[in-house]
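Structure, as structure tokens:
This one's a predicted model, so the numbers in the text were calculated from it and none came from an experiment. Order of the sequence lines sets the chain letters (A, B, ...), proteins ahead of strands, with each chain counted from 1.
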Amino acid sequence: MTQGPSYVENDEIARRLMDVGLLLQIQGANPFRVRAYENAARTVETHATPMHALVEAGADLTDLPAVGKDMARHIHEMVTTGHLSVLDELSKEIPRTLIDMIRLPGVGPKRAKKLWQSLGVQTIEQLEAVAQAGAVQELEGFGLKTEQRILQGIANLKQRQGRFKLSDADALIGPLLAHLRAHPGVQRVEVAGSYRRRVETVGDIDLLAIADDAESVMDHFTTFPRVKRVEKSGGTRGTVILSSDLQVDLRIVPAESYGAALQYFTGSKAHNVKFRTKAVARGLRVSEYGVFEVDPDQDPETADPRSGRRVAGDTEASVYAAVGLPWIPAELREDRGEIAAAERGTLPSLVTVGAMRGDLQMHSTWSDGKHSIEEMLVGCAARGYEYFALTDHSKSLAMTGGLDEVALREQWREIDDVTARHPEIRLLRSMEIDILRDGSLDLADEMIAQLDIAVVSIHSLFDLPSGTQTARIVKALEHAGVHVLAHPTGRLINRREPIAFDLDAVLQCAKAHNVAVELNAHPNRLDLKDTQVVLAREMGVRVVISTDAHRVEELDLMRYGVEQARRAWLEPAHVLNTLPLPALLATLG
DNA sequence: GCCGTTTTCGGCCCGACTGTTTTCAGTCG
């Protein structure tokens, strides 16, 4: 096994371009130049193919959206030398650590620069010290409230690093929505923002409501029992912090603006910018109040923002239609080509939970699951599945009670017994087989050959060098009996980093050997993640969406996997377990 | 700095709120 060259990955390239933009912002550069760096960073971050692969293939980087001559040069430099000279130069003038300060509430580029130039503050720690000493409120443009806000922000930062997993947000928001809906004045309330786009983690929650008595509803909102602190509370906008430290914003809008507000607050920002630009070209102005015809005689600087003839706004569909587009599913609104696809009429017909005909990874009491084979079977049948795969762990995963060959044969006897009583659903004989250090599998070949579907995955040696890890996975996929690579990166959101490996090479191998890759639906994993699933789709590798359930109720986690699949533009045809049983069996061979 | 069924130059999304102000900059979403 050889160690491949260590490339600068897309996320690192994106981060550095973003840092250049932020440093330019602090410097006071042309804001559109700043945005150019942000846009290029986003392109790189969400681009499925690694930049180093494009450079190696001799591709013209300026074909990428938001990448012109300069950005192409920057990307090329990072790929070939590992450095970005424009960032190095800027860092000499402005400390890079000021970027951390911008992320504090109440601190933007201007104030960060002021704090640095007036007080010599370069880091969050230094800022905390001078703020505690009362030096910040003395600065021009600052005051006592700003100083307190900064200190509060630093305290919050220390308390909670990272964002909320989508499933945690779901659990926290459900009771609040019920509370709001119980108020007689609330006609409608929905969640917008990244939550509605089903981004894997959310920073805060945006609620949108139509209400008769806005003041009373806002009152009801801020007195929700789990509110820890009320940040603001106005006539149409309020912000609270829940006891879980989740920030929730509520906006109350008139019914005729509801669709426009929902569209606007769902975002993403990049999607909205592109959408509004399209509207401008049609002589329209889009805001959260609606779509308006622009009066060509009026100076846009001085015109009332709500002036002009309203042409749409009550529903989202009307807002898109006014700009000549069909309604776009929220999961696609990331400015990853969805507006162009909408224009061409080629938006994908996205996969749904209802299209799933089976779940291809779950555990029973035979290893580390909490429910018996029969209980899991009944749970799957209750969810309307045609089939499911029982994938208990293999022997090397001792802590889970993994099965050796003898135990697996015993399990098969129980399976025969259970399935004889339950003709309503097909149980596929399977196992989640560990990939060992050298890429060999933790189950005898003659047993693998008797499985209906063989799932392999890594549970150990997460920190091998990338080249070694890649070779290990590739060897496992080359095994003739293997059908699915489960949770390919091994990441645990907010807990464990993904393993280092060459995804491109692994997908090529999967394609060559007709192996599917899993999109693990468990909200702790969501592995592969959306942008990686895009790469699999583009390379023609089939995807499996599985829950990895360890108890019956976890079978309902399927929706999280499907939602991420939708973010990756997957249609049913891309997903192996949307196939009817006979077609699935034929594919598995 | 990017980009083009109005444009290769002159644009680049939109509005609200807060705090620090005496008419508005800065931040936020």
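- For the P atoms, the distance linking dT7(B) with dC12(B) amounts to 16 Å, nearest Å.
- The side chain of Thr236(A) contributes an N or O atom lying less than 4.0 Å from OP1 or OP2 of dC17(B).
- Applying the ring pair (Phe, Tyr, Trp, His ring centres under 6.0 Å) test to His183(A) and every residue at least two apart in sequence or in another chain returns His220(A).
- Residues Glu231(A) and Met71(A) both approach DNA chain B. Their nearest nucleotides, taken by heavy-atom distance, put Met71(A) toward the 5′ side.
- Of the residues listed (Glu331(A), His271(A), Glu334(A)), the one engaging Arg197(A) in a side-chain hydrogen bond (donor to acceptor under 3.5 Å, both in side chains) is Glu334(A), and it is the only one.
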Quick one: which protein N/O atoms are closer than 3.5 Å to N/O atoms of nucleotides 6-8 of chain B? Pair and distance per line, please.
none

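- Counting to the nearest Å, the C1' atom of dG1(B) and the CG atom of Leu17(A) are 12 Å from each other.
- The salt bridge (charged side-chain N to carboxylate O under 4.0 Å, His left out) analysis of residues 115-136 of chain A, with sequence neighbours excluded, yields the pairs Glu128(A)-Lys158(A).
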Quiz prompt | Intermediate values then yes/no, side chain to side chain contact (heavy atoms under 4.5 Å, CB included), Val8(A) and Val79(A) | solution = CA-CA 6 Å; Val8(A) 183; Val79(A) 167; 5.7 Å; no
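- One C1' atom belongs to dG1(B), the other to dT8(B), and the distance between them is 14 Å to the nearest Å.
- Relative to the ring axis of Phe292(A), Arg309(A) does not place its NZ or CZ within 45° and under 6.0 Å from the centre.
- Atom name P, nucleotides dG11(B) and dA16(B): the rounded distance is 25 Å, in whole Å.
- Going from atom CZ of Arg33(A) over to atom C1' of dG11(B) covers 18 Å, rounded to whole Å.
- In this structure, the ring of Tyr320(A) has its center less than 6.0 angstrom from the ring center of Phe275(A).
- dT8(B): no Watson-Crick or G-U partner with both key distances under 3.5 Å is found in any strand.
- Side-chain atoms of Thr489(A) and Gln532(A) include no donor-acceptor pair closer than 3.5 Å.
- There is no side-chain donor-acceptor pair under 3.5 Å between Gln564(A) and Glu200(A).
- Distance, Arg35(A) CZ to dC13(B) C1': 7 Å, rounded to whole Å.
- Nucleotides dT27(B) and dT20(B) place their C1' atoms 13 Å apart, quoted to the nearest Å.
- Picking from dT20(B), dC12(B), dC2(B) the nucleotide with the shortest atom distance to the side chain of Lys145(A) gives dT20(B).
- With rounding to whole Å, Asn272(A) atom CG is found 13 Å from dG15(B) atom C1'.
- Between Thr146(A) and the phosphate of dT18(B), there is no side-chain N or O to OP1/OP2 separation shorter than 4.0 Å.
- Rounded to an integer number of Å, the gap from CD of Glu147(A) to P of dG19(B) is 14 Å.
- Remark: C1' of dA16(B) and CG of Leu250(A) are 15 Å apart, rounded to the nearest angstrom.
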Quiz item: What is the per-nucleotide protein-contact pattern of nucleotides 21-29 of chain B, from the 5' end, where B denotes a base atom under 4.0 Å from a protein heavy atom, S denotes such proximity for sugar-phosphate atoms only, and - denotes neither?
Solution: S----SSSB
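- Judged as a salt bridge (charged side-chain N to carboxylate O under 4.0 Å, His left out), the pairs with a partner in residues 316-325 of chain A (not counting sequence neighbours) are, in order, Arg196(A)-Glu316(A), Glu316(A)-Arg333(A).
- For the residue pair Asn272(A)/Gln263(A), the side-chain donor-acceptor check at 3.5 Å is satisfied.
- Among residues at least two apart or in separate chains, salt bridge (charged side-chain N to carboxylate O under 4.0 Å, His left out) pairs with a member in residues 168-177 of chain A are Asp170(A)-Arg198(A), Asp170(A)-Arg559(A).
- A heavy-atom distance below 4.0 Å to DNA chain B is reached by none of the residues of residues 320-332 of chain A.
- Between Asn10(A) and Glu12(A), the side chains place no donor N or O within less than 3.5 Å of an acceptor N or O (distance only, hydrogens not considered).
- Taking atom C1' on both nucleotides, dC13(B) is separated from dC28(B) by 14 Å, rounded to a whole Å.
- Tyr195(A) pairs by the ring pair (Phe, Tyr, Trp, His ring centres under 6.0 Å) definition with nothing, not counting sequence neighbours.
- Ser257(A) is linked by a side-chain hydrogen bond (donor to acceptor under 3.5 Å, both in side chains) to nothing, counting only residues two or more places apart in sequence or in another chain.
- Residue Thr277(A) has a polar side-chain atom (N or O) positioned under 4.0 Å from OP1 or OP2 of dC13(B).
- When the nucleotides dG1(B), dC13(B), dT20(B) are ranked by their closest atom to the side chain of Asp70(A), dG1(B) comes out on top.
- Between the C1' atom of dC12(B) and the CZ atom of Phe275(A) lies a distance of 18 Å, rounded to the nearest Å.
- For Arg276(A) and dC13(B), the CZ to P distance is 10 Å, given to the nearest whole Å.
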Between N or O atoms, less than 3.5 Å apart, protein on one side and nucleotides 3-5 of chain B on the other: list the pairs.
residue : atom : partner  : partner atom : Å
dC3(B)  : OP1  : Ala66(A) : N            : 2.8

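- On the P atoms, dC2(B) is 23 Å away from dT6(B), given to the nearest whole Å.
- Residue pairs that meet the ring-ring contact (aromatic ring centres under 6.0 Å, His included) test with at least one member in residues 13-46 of chain A, sequence neighbours left out, are Tyr37(A)-His74(A).
- Within the structure, every pair that satisfies the side chain to side chain donor-acceptor pair (under 3.5 Å) test and touches residues 94-117 of chain A, not counting sequence neighbours, is listed here: Asp19(A)-Arg96(A).
- Under 3.5 Å, the side chain of Asn30(A) and the base of dG1(B) form at least one donor-acceptor pair of N or O atoms.
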